[in-house]
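Below, chains carry the letters A, B, ... as their sequence lines are ordered, and counting in each starts from 1.
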Number of protein chains: 2
Amino acid sequence: MSNEPAGEPHWLSDEEQYAWQSYLHATTLLEDHLDRQLQRDAGMPHVYYGLLVQLSRAPRRRLRMTELAQNAKITRSRLSHAVARLEKSGWVRREDCPSDKRGQNAVLTDEGLRVLEKAAPGHVSAVRAAIFDRLSPEQVGQLAAICRTVADGLQPQGADLPWLR
Amino acid sequence: MSNEPAGEPHWLSDEEQYAWQSYLHATTLLEDHLDRQLQRDAGMPHVYYGLLVQLSRAPRRRLRMTELAQNAKITRSRLSHAVARLEKSGWVRREDCPSDKRGQNAVLTDEGLRVLEKAAPGHVSAVRAAIFDRLSPEQVGQLAAICRTVADGLQPQGADLPWLR
DNA sequence: CGCTGATTCTTGAAGTTTTAACCAAGGGTG
DNA sequence: CACCCTTGGTTAAAACTTCAAGAATCAGCG
């Protein structure tokens with residue numbers, strides 16, 4: 001847990017500090033870049049686009065709210081607001097879950113699918129231009145391994161929230 | 001995958017898709033984790049903490065607004081709001097720039113420095129626990145190189161905005 | 001059944017970020 | 001100086017996120 005007595009904080013080494021700074025810059029710039037790209041070309045922020053992608057890959061283009069939130073790594077609350085907005089735009093529709101009366105399914109509408117298919121090529125281009133065109137195949141593998149490791153260390157088993165935190 | 005609107009969308013390969021997904025998960029979870037950690041322990045989001053760090057490293061603990069925004073990779077507008085909030089909290093003070101009457105300096109206050117020094121150990125611990133304790137030294141080097149490359153590809157030379165986009 | 005606690009999802013309010021103007025001061029140029 | 005364009009920074013409004021609370025259903029159990 002958090003043992004930080006008044007002793008020695010154990011700072012980052014120069015290499016670590018450099019890596020951390022680079023990481024922060026890269027992720028900030030990239031997220032910003034993709035957010036603008038999608039806002040301009042598809043009229044929605046990156047996270048919302050990610051939700052449509054998840055839905056498009058799901059069995060009948062629908063997913064339980066909680067499952068969608070887990071896949072996208074966001075809170076249920078955030079998802080609720082997001083789906084409300086996407087519903088207002090007509091890309092997504094809510095649907096009562098037959099098996100559990102508490103549940104809701106988020107369903108990707110036909111129009112949502114069209115918007116997604118229209119935006120996807122440009123988005124992939126942007127991602128490719130920012131990352132995969134600039135990295136060697138070995139680096140892509142390295143990146144995947146590093147991210148897997150970091151993500152695994154932050155997953156569910158947290159404490160008092162169902163799956164996040 | 002599926003159709004191709006005009007020409008060839010050139011989708012991501014399986015390896016690339018996997019890396020991209022892993023990247024999104026890791027960065028989302030990490031940013032979320034650090035935001036909560038700092039909100040809890042220091043009463044501010046991660047970006048604001050980064051601003052205090054920048055200021056603490058600057059010559060007389062002060063920086064021109066634009067320079068600070070560049071260092072932190074955020075827009076001037078966002079910085080304006082952030083500094084307004086930090087000013088309200090007493091961690092930062094504004095100061096007219098003597099050499100350029102349009103300019104403003106953001107100055108880290110003594111209280112701001114205390115808050116920063118108090119929060120730093122816990123934050124470093126969190127970063128270390130999430131990343132550097134889990135990666136090999138080689139991976140740290142790989143991460144830095146990858147992030148450098150990506151960041152360099154997204155830097156200034158954009159078009160209609162001074163330095164961002 | 002009636003109770004209790006957990007799970008699902010939503011909501012309102014407060015805080016943060018984006019977007020698009022906007023103003024004031026610099027820096028030429030003629 | 002008059003003009004015009006750029007730069008530094010702010011602001012209002014809209015969009016988005018977080019936080020805490022709440023309503024409804026489910027599931028176990030006596």
Side-chain angles (χ1 to χ4, degrees), chain A residues 28 31-40 42-51 63-70 72-89 92 94-106 156 159-165, chain B residues 28 31-40 42-51 62-89 92 94-106 156 159-165:
Chain A
T28 305
E31 182 59 18
D32 203 75
H33 181 67
L34 295 181
D35 254 342
R36 289 176 200 283
Q37 186 265 315
L38 281 170
Q39 191 66 58
R40 173 166 47 75
M44 66 189 122
H46 190 197
V47 182
Y48 289 27
Y49 178 88
L51 297 176
L63 241 43
R64 283 290 292 271
M65 292 295 278
T66 294
E67 195 176 356
L68 179 50
Q70 287 172 348
K73 263 73 188 169
I74 64 177
T75 62
R76 288 208 227 51
S77 173
R78 188 176 177 180
L79 180 62
S80 254
H81 289 295
V83 167
R85 193 275 214 187
L86 290 171
E87 208 169 15
K88 211 159 294 180
S89 300
V92 167
R94 279 180 217 257
E95 187 187 70
D96 289 345
C97 176
S99 58
D100 186 339
K101 274 162 196 160
R102 300 168 296 179
Q104 292 277 105
N105 281 325
D160 48 346
L161 267 183
W163 44 267
L164 203 138
R165 175 176 185 167
Chain B
T28 304
E31 183 58 18
D32 204 75
H33 182 66
L34 295 182
D35 255 342
R36 288 176 201 282
Q37 185 266 315
L38 280 170
Q39 192 66 57
R40 173 165 46 74
M44 66 188 124
H46 189 198
V47 181
Y48 290 27
Y49 177 88
L51 296 176
R62 70 198 60 204
L63 242 44
R64 285 290 292 272
M65 294 292 279
T66 295
E67 195 175 358
L68 180 50
Q70 286 172 348
N71 291 357
K73 264 71 189 171
I74 63 177
T75 62
R76 290 206 222 62
S77 172
R78 187 175 177 181
L79 179 62
S80 252
H81 289 294
V83 167
R85 195 273 214 185
L86 290 170
E87 208 170 15
K88 212 160 289 180
S89 301
V92 167
R94 278 180 220 254
E95 188 187 68
D96 288 345
C97 176
S99 58
D100 186 338
K101 274 160 193 160
R102 298 168 296 182
Q104 291 278 104
N105 281 325
D160 49 344
L161 268 184
W163 45 268
L164 204 139
R165 171 168 188 170

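Rounded to an integer number of Å, the gap from CG of A:Asp96 to C1' of C:dT8 is 12 Å. Between the CD atom of B:Glu95 and the P atom of D:dG8 there is a distance of 18 Å, given to the nearest Å. What separates CZ of B:Arg76 from C1' of C:dA24 is a distance of 14 Å, to the nearest Å. If you take CZ of B:Arg64 and C1' of C:dG26, they are 11 Å apart, rounded to a whole angstrom. For the pair B:Glu67 CD and D:dG9 P, the computed distance is 10 Å after rounding to whole Å. Straight-line distance from the CG atom of A:Leu63 to the P atom of C:dT8: 14 Å, rounded to whole Å. C:dG15 atom P lies 18 Å from atom CG of B:Leu38, rounded to whole Å. A:Leu68 places its CG atom 10 Å from the P atom of C:dC9, with the value rounded to the nearest Å.
Considering only residues two or more places apart in sequence or on other chains, B:Glu95 meets the side chain to side chain contact (heavy atoms under 4.5 Å, CB included) condition with B:Arg62, B:Arg93, B:Asn105, B:Val107. Among residues two or more places apart in sequence or in another chain, the salt bridge (charged side-chain N to carboxylate O under 4.0 Å, His left out) test is passed with B:Glu67 by none. Remark: A:Arg85 engages no residue in a salt bridge (charged side-chain N to carboxylate O under 4.0 Å, His left out) (not counting sequence neighbours). For the salt bridge (charged side-chain N to carboxylate O under 4.0 Å, His left out) test, no residue two or more places apart in sequence or in another chain qualifies with A:Asp35. Remark: A:Arg78 engages no residue in a salt bridge (charged side-chain N to carboxylate O under 4.0 Å, His left out) (not counting sequence neighbours).
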Where protein sits on nucleotides 13-26 of chain D, one letter per nucleotide: B base, S sugar-phosphate only, - none, heavy atoms under 4.0 Å: ---SBBB-----BS
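Going from atom OH of B:Tyr49 over to atom CG of B:Leu86 covers 13.0 Å, rounded to the nearest 0.5 Å.
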